[in-house]
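Values reported hereafter were calculated over all heavy atoms of this structure, with side chains retained and with hydrogens, waters and symmetry mates removed.
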Amino acid sequence: MKLGKADATTFGGQCGLFLLMFFLAGTSAAQNCGGTERWGPKDGTDQEAANIDLTNITPATVADLLAIHQPQLPSDNTTRIVPDETHVYRVQARLVKWKRESDNDYHLVLTDDTLNYTEESAHPPVPPTGHSFIGEVPDPSCFSGSDGSFGSQTPFADGITSARQTMDQRFPNADQSGAWNDGAGAQVEITGIGFFDRPHNQTGRAPNNIEIHPVLSIRFLGQPSPTPTPTATPTATATATATPTATPTATAIPTATPTPTGDQWEYQMISAANATELLSQASTQGTQGWELAGVVVDTSRPDKYVGFLKRKKQ
């Protein structure tokens, strides 16, 4: 078929429009990850990130992080707060649960030994507890953000990739749909950059809204007890009646292991002055479905026998 000049012009315009729409559709699909809210500091594509000394690591406890003053946040999405967001922290905490968010980041709910965490979207809501904070492991393929404007170069790339691989290896069967995966209170050591988010009912958020974002390293500790030299492993369950074998100087090791099967567990802590009283409490709680996941001995407190209970959500 031979086209006239007008027909060819129309046809060419339609083809150009089609190709443009095809290109834009492909671009949108390729950028359908990441986010925009303070995205530069989150992934390290901001200008100040290159000045952060990743070898200068500050050890901190959960309480140390939560005691940091919350600064005023900038109105744009590319400015890093100096010096508050230029520190590299190394923190030992407990991983309660985690999920893959809509921006493809791994959202980690991290706590101290109480396992108490903020859950403002729950019914009834749990306001910031003063015991939890959030760690975020970004997607290494989403540094440029959802609109592609933040760039793809970050000095944090190697650390983010390594931390992501650690999580994937630890939880090979994790739910990646956005549902929660159970961390079972596993003790971890995480290293990453301090970051302040805006509050928006995030599960696990700290009262001062500090996060470790991005997480550059995560290590699952083989000895999850907060006191040194563990010497005993608990064999009791919440319904056990056997005589406890731990001595006042022994420290039991929690036996729970991560089971990434969704957000099906809830946790609580009990304490007592001696092992017999602790087991009595655990046995009472066992009638309500609680099981004893682990025991530690903290000699710095009068109720030094501390038990961690878990049960499937009702």
- Task: Would you name the heavy atoms of A163 and S217 that are closest together and state the gap between them?
- Result: CB-N, 4.1 Å
- In this structure, NE2 of H69 is separated from CG of N208 (nearest 0.5 Å) by 9.5 Å
- Task: Kindly compute the distance separating CD1 (I57) from OH (Y89), expressed to the nearest 0.5 Å.
- Result: 12.5 Å
- Does F133 share a hydrophobic cluster with L73, counting links as ILVMFWY side-chain heavy atoms below 4.5 Å and allowing steps through other members? yes
- Item | Connected via hydrophobic side-chain network under 4.5 Å: W98 and V188 | yes
- For the side chain of E48 and the backbone of G44, is there at least one donor-acceptor N/O pair under 3.5 Å apart? no
- Indicate the atoms forming the closest heavy-atom contact of A282 with I270, along with that distance. N-CD1, 3.9 Å
- Query: Under a 4.5 Å side-chain heavy-atom rule over Ile, Leu, Val, Met, Phe, Trp and Tyr, are V62 and I218 clustered together?
  - Reply: yes
- On a heavy-atom basis, the closest approach of T287 and T284 is OG1-O, 2.6 Å
- Evaluate the criterion side chain to side chain contact (heavy atoms under 4.5 Å, CB included) for residue pair R164 and D139; output intermediate values, then yes/no. CA-CA 7 Å; R164 191 83 168 197; D139 184 342; 3.9 Å; yes
- Under 3.5 Å donor-acceptor, E85 side chain and I81 backbone: yes
- Message: Check this for me, if you would: do R219 and E189 make a salt bridge, where the nitrogen-to-carboxylate-oxygen distance has to be below 4.0 angstrom?
- Response: yes
- Message: Do I160 and L110 land in one hydrophobic cluster if side-chain heavy atoms of ILVMFWY residues count as linked below 4.5 Å?
- Response: no
- So, are E37 and R198 salt-bridged, with charged N and O less than 4.0 Å apart? yes
- Examine distances only and state if a side-chain atom of D105 and a backbone atom of H107 form a donor-acceptor pair shorter than 3.5 Å. no
- Look at the side chain of N116 and the backbone N and O of T129, then say whether any donor-acceptor pair between them is shorter than 3.5 Å. no
- Query: Rounded to the nearest 0.5 Å, how far apart are CD of Q268 and CG of L115?
  - Reply: 10.5 Å
- Query: Under 30°, 30 to 60°, or over 60°: which ring-plane class applies to H213 and F195, parallel, tilted or perpendicular?
  - Reply: tilted
- S132: which of T203, T118, V96 passes side-chain contact (heavy atoms from CB on, under 4.5 Å): T118
- Query: Is K97 salt-bridged to D182, cutoff N-O under 4.0 Å?
  - Reply: no
- Query: Taking atom CD of Q176 as the centre, does the number of heavy atoms from other residues, nucleotides or ligands within less than 6.0 Å exceed 12?
  - Reply: yes
- Note on the structure: Residues K42 and P214: closest non-hydrogen pair is O-CD, 3.2 Å
- To the nearest 0.5 angstrom, please state how far the CG atom of N56 sits from the OG1 atom of T58. 5.5 Å
- Task: Step by step, work out the side chain to side chain contact (heavy atoms under 4.5 Å, CB included) result for W180 and D175.
- Result: CA-CA 7 Å; W180 288 105; D175 189 313; over 6 Å; no
- Donor-acceptor pair between T79 and D76 side chains, under 3.5 angstrom: yes
- Derivation and outcome, side chain to side chain contact (heavy atoms under 4.5 Å, CB included), residues L54 and L216: CA-CA 10 Å; L54 298 181; L216 303 179; 4.0 Å; yes
- Message: Whether the Y106 and N181 side chains hold a donor-acceptor pair (N or O, under 3.5 Å, no angle test) is what I'd like checked.
- Response: no
- If we only count heavy atoms from C-beta on, is the T191 to V215 side-chain gap below 4.5 Å? no
- Query: Run the side-chain hydrogen bond (donor to acceptor under 3.5 Å, both in side chains) check on D64 and T61 step by step: do they pass?
  - Reply: CA-CA 5 Å; D64 291 336; T61 65; 3.1 Å; yes
- Item | From CD1 (I134) to CG (N209), nearest 0.5 Å | 8.0 Å
- Note on the structure: When rounded to the nearest 0.5 Å, the distance separating CG of L65 from CD1 of I212 is 5.0 Å
- Task: Assess whether side-chain hydrogen bond (donor to acceptor under 3.5 Å, both in side chains) is satisfied between T45 and D43, documenting all intermediate values.
- Result: CA-CA 6 Å; T45 55; D43 284 1; over 6 Å; no
- Task: Write down the atom of G178, the atom of K99, and the distance for their closest heavy-atom approach.
- Result: O-CD, 3.4 Å
- Query: Do the side chain of T166 and the main chain of S162 share a donor and acceptor less than 3.5 angstrom apart?
  - Reply: yes
- So, R94 and T111: side-chain donor and acceptor under 3.5 Å apart, yes or no? no
- Item | Side chain R311, main chain E291, donor-acceptor under 3.5 Å | no
- Message: side chain to side chain contact (heavy atoms under 4.5 Å, CB included), that's the test. Do Y117 and H131 meet it? Break it down for me.
- Response: CA-CA 6 Å; Y117 61 92; H131 296 281; over 6 Å; no
- Query: Shared ILVMFWY cluster between F196 and F150, side chains joined below 4.5 angstrom?
  - Reply: no
- So, do T86 and N51 sit near enough that their side-chain heavy atoms are less than 4.5 Å apart? no
- V109, I190, L108 screened by side-chain contact (heavy atoms from CB on, under 4.5 Å) with L95, the one that passes: L108
- Task: For N77 and R38, indicate whether the former's side chain and the latter's backbone hold a donor-acceptor pair under 3.5 Å.
- Result: yes
- Query: For the ring pair F143 and W39, is the centre-to-centre distance below 6.0 Å?
  - Reply: no
- Message: Testing the basics here: between G35 and D103, what is the closest heavy-atom pair and its distance to 0.1 Å?
- Response: N-CB, 4.1 Å
- Query: Going through the distances and angles, do Q202 and E120 end up as a side-chain hydrogen bond (donor to acceptor under 3.5 Å, both in side chains)?
  - Reply: CA-CA 7 Å; Q202 310 97 304; E120 293 168 301; over 6 Å; no
- Taking C-beta and beyond as the side chain, do E119 and P125 meet within less than 4.5 Å on heavy atoms? no
